Each structure stands twice: as structure tokens, then as C-alpha cells.
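Just passing along the structure, written as C-alpha cells.
Bear in mind that the values here come from a model prediction, so they are computed numbers and not experimental data. Convention: sequence-line order gives letters A, B, ...; per-chain numbering from 1.
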Protein chains: 2
Amino acid sequence: MVDECLARRVLLLTRTISGVYNEALRPLGLTVAQLNLLVIVAKRGPVSPGEVAKRLNMEKSTMSRNVRLMEDHGWLSVSPGQSGRAQVLTIESKGRKLIEKALPLWQGAQERAKALLGERGARSIHTIADTVGKQLQHE
Amino acid sequence: MVDECLARRVLLLTRTISGVYNEALRPLGLTVAQLNLLVIVAKRGPVSPGEVAKRLNMEKSTMSRNVRLMEDHGWLSVSPGQSGRAQVLTIESKGRKLIEKALPLWQGAQERAKALLGERGARSIHTIADTVGKQLQHE
DNA sequence: CGCATTGAGTTGCATGTACAACTTATGCCC
DNA sequence: GGGCATAAGTTGTACATGCAACTCAATGCG
């Protein structure tokens, strides 16, 4: 049972792979989770937290707290949205600069991660995550 | 950048897949991480925490806390090992019974996870985790 | 023998994560 | 208009996780 468990395997992968990135980013006081969030906000312009959370299949409460941290750092700003308690996230210049600085570190980590997974493995992860991502959208 | 990031993808996979298992196991007040630990202890007989942590590529401190929780539940026992502050973990009958009860729930989750990943995807995850696991042993 | 090193666990602190329950604002239906 | 349902965030609580620093025991070396 234990050997086949898919959860055990993805947990192992996450511990290993995200460790590689976090180690690389540590000098910036930044984690991969935060970097990804930041890049999404930078790319997709003003977005609502809920939208990002849905795309990442992340709990809204988790999103809320992650956003809070990054706002405290001044990397992004939270402003009231159109209606109700809607919010929009916008990247700040401090956040853009951080992404610039993170890029080379990220690249190094990406190389190391690829080496760990193997070229085939890395491609598989891409495919699989896409598959899962698409299914989540159709819910 | 963000789209290629392997860490982002494995994080997404973990959130999604482990969620499936945790939802299934919730009636037992058990998480997948705990179940995996419990099964390892059950299978590999008296083992040291450090050994299990190494196999799972998990920080010893994380292991320490996870063990503590499960000991509190009476699922396993911790006894002093041969020397120094070495410890050995042993499954308790309460733990064995819990595994029995968890089995059918786990199977359901495994099916759902396979459906999400696709048959090919599930196999790939197996292969990749094996590859990574072996590389960790050779360190 | 005495001290430095190493090994195994633990603890302080911080992040990432989820579920449940709560707060507010909108919108809808009668 | 008055409730009722829904949508978006927040907060309480708990687990999973890692790093740094610490405790203690064993070991080795001069």
C-alpha cells in the first residue's frame, strides 16, 4: 500500500523540489510559493485573490494570508475592487525589482531540479500538471 | 518563467492530490502524511525516526513533531534505542487497527487520484519519485 | 584524562496549507 | 421592502514543513 501511494510520492517530490528552489532564493528572503504568486500578479495585471487561488487550486484563506505577507513586504498592493469585498492585487515596483533579482537564482534552481527529475521526468511533470490544471478549470 | 517553474507545478500537484486523500481519510481524523508514516513503521518494524526521515527526504525536526502527534494518539510508541539518544518507533495495536480502517478509504482516494492524473500520469509519478528517491540515497 | 567533534533529537520561529465559521456586500425572489 | 442565498475575504485552529540553534550522549584524539 505505502509504496503505491500517489500522495506519498507527490509529497516527497514537493519536499525535494521546492527545497531546491527555496535554498536558491533564500538570500532574497523569498520562497518559491511567494515568487510564483508575485509573478502571476505581475503578469496578469490587477487580479483578484480569488481568481489566482482558483488557478493554483489553493484555498482562499491560504491565499489571503500569503497576500498579506507580501503586502507587508511592499511587493504588491491590495486595493478594493469593483463590488462588495472584491479586491485587486497589483505589483509594486519593489516587487518587480525583486523578480529581476530572483530570476538568475530561479534559473539555477530550475536546472538543478531538472537534473534531479531527468529531462523526461521534467517534461512529464509539465504534462501532468497541465492535465490536472485543466480539469480543475472545468469544475 | 512562471509557467515553466517545476516547483509551482509540484506544489499544485501536492495541493490537489494530497487533498483527495485527506478528504477521504478525514472521517478517521487521519492525514495522508500520518498514514504513510504509520504504514512505514508498521512494515519496517522498529525503526529510528532519523532513518524514516532520510527515506522520505524529510527534516528530522518535522519527523520529530509528526512522531509526537502519533504517539499522543497512541498509534505508535517511542522507546530508547541502543545508544545515545537514539529512538525506535514501534506500531501499536491501535495503529494497526487504524490502518485496517484506513485501507478502503485510501483505495477510493487512490482511484480518484489516478483518474485526475490519468493512467500515464500516475505511472510517471511513480517513475519520477523512484528516480528522485534513489538519488537521495546515494548522497 | 580532558576536550573537540559528531550524531540524534528537540525546540523556537516562520511559512504553507486546509477546514470551519464568521463578516459583509450583492442580488434575487416574493 | 424584507428576507434568503451567494460570493469574497478574514480569522480561529491545527497540521506539515524547514532552518537555526540547542541538548546530550558517544567517540576520538592528543
- Message: Using heavy-atom distances to pick each residue's nearest nucleotide on DNA chain C, tell me which of B:Leu11 and B:Met63 is more 5'.
- Response: B:Met63
- Quick one: label B:Arg65 by what it contacts on the DNA or RNA (base, sugar-phosphate, nothing), any heavy atom closer than 4.0 Å. base
- Item | Where B:Ala122 and B:Lys114 come nearest, the two heavy atoms and their spacing | CB-CG, 3.9 Å
- Message: Pick the closest DNA chain D nucleotide for B:Val32 and for B:Gln82 by heavy atoms, then say which residue is nearer the 5' end.
- Response: B:Val32
- Please assess B:Trp75 against B:Val41 for the test side-chain contact (heavy atoms from CB on, under 4.5 Å), listing each intermediate value before the final yes or no. CA-CA 10 Å; B:Trp75 298 335; B:Val41 174; over 6 Å; no
- Among D:dA20, D:dA16, D:dA8, the one nearest A:Arg85 by side-chain distance: D:dA8
- Task: Round to a whole Å and report the spacing from CG of B:Leu25 to P of D:dA16.
- Result: 12 Å
- Item | Short side-chain N/O contact to D:dA16 OP1/OP2 from B:Gln34, under 4.0 Å | yes
- Message: I want to check one thing: is the phosphate of D:dG18, taken as OP1 and OP2, less than 4.0 Å away from some side-chain N or O of B:Thr62?
- Response: yes
- Please report, rounded to the nearest Å, how far the C1' atom of D:dG18 is from the CG atom of B:Leu56. 15 Å
- Distance, rounded to the nearest Å, where B:His73 contributes NE2 and D:dC15 contributes C1': 11 Å
- Query: For A:Asn22, which contact category applies under a 4.0 Å heavy-atom criterion: base, sugar-phosphate, or nothing?
  - Reply: nothing
- Task: Return the minimal non-hydrogen interatomic distance between B:Val20 and B:Ala109, and the atom names on each side.
- Result: CG1-O, 3.6 Å
- Query: With a 4.0 Å cut-off on heavy atoms, is A:Ser18 in touch with a base, just the backbone sugar-phosphate, or nothing at all?
  - Reply: nothing
- For the pair made of CG in A:Asp72 and C1' in D:dT10, what is the distance, rounded to whole Å? 14 Å
- Determine, for A:Arg68 against A:Asp72, whether the closest basic-nitrogen to carboxylate-oxygen distance falls under 4.0 angstrom. yes
- Task: Return the value, rounded to whole Å, for the distance between atom CE of A:Met58 and atom P of D:dG9.
- Result: 14 Å
- Note on the structure: Span of DNA chain C engaged by chain A, first through last nucleotide within the 4.0 Å heavy-atom cut-off, is C:dT15 to C:dT26
- Task: Find out if a path of hydrophobic residues (ILVMFWY) with successive side-chain heavy-atom gaps under 4.5 Å connects B:Ile125 to A:Leu136.
- Result: yes
- Message: Check this one for me: any side-chain N or O of B:Thr31 less than 4.0 Å away from OP1 or OP2 of D:dA16?
- Response: yes
- Spell out, as yes or no, whether a donor-acceptor pair under 3.5 Å connects the side chain of A:Asn66 to the backbone of A:Gln34. no
- Note on the structure: The answer to which of A:Gly84 and A:Leu69 contacts DNA chain C further toward the 5' end, by nearest nucleotide, is A:Leu69
- Nearest whole angstrom, please: distance from the C1' of D:dA16 to the OH of B:Tyr21. 18 Å
- Check whether any side-chain N or O of B:Asn66 sits under 4.0 Å from OP1 or OP2 of D:dC15, and answer yes or no. no
- Note on the structure: Between CG of B:Leu37 and C1' of D:dT17 the distance, given in whole Å, is 13 Å
- Query: Looking at side-chain heavy atoms only, is the closest gap between B:Glu59 and A:Arg15 below 4.5 Å?
  - Reply: no
- Length of the line joining B:Lys60:NZ and D:dG18:P, which is rounded to integer Å: 13 Å
- Message: Check whether A:Ser64 reaches the backbone of A:Lys60 with its side chain - one donor and one acceptor, N or O, closer than 3.5 Å.
- Response: no
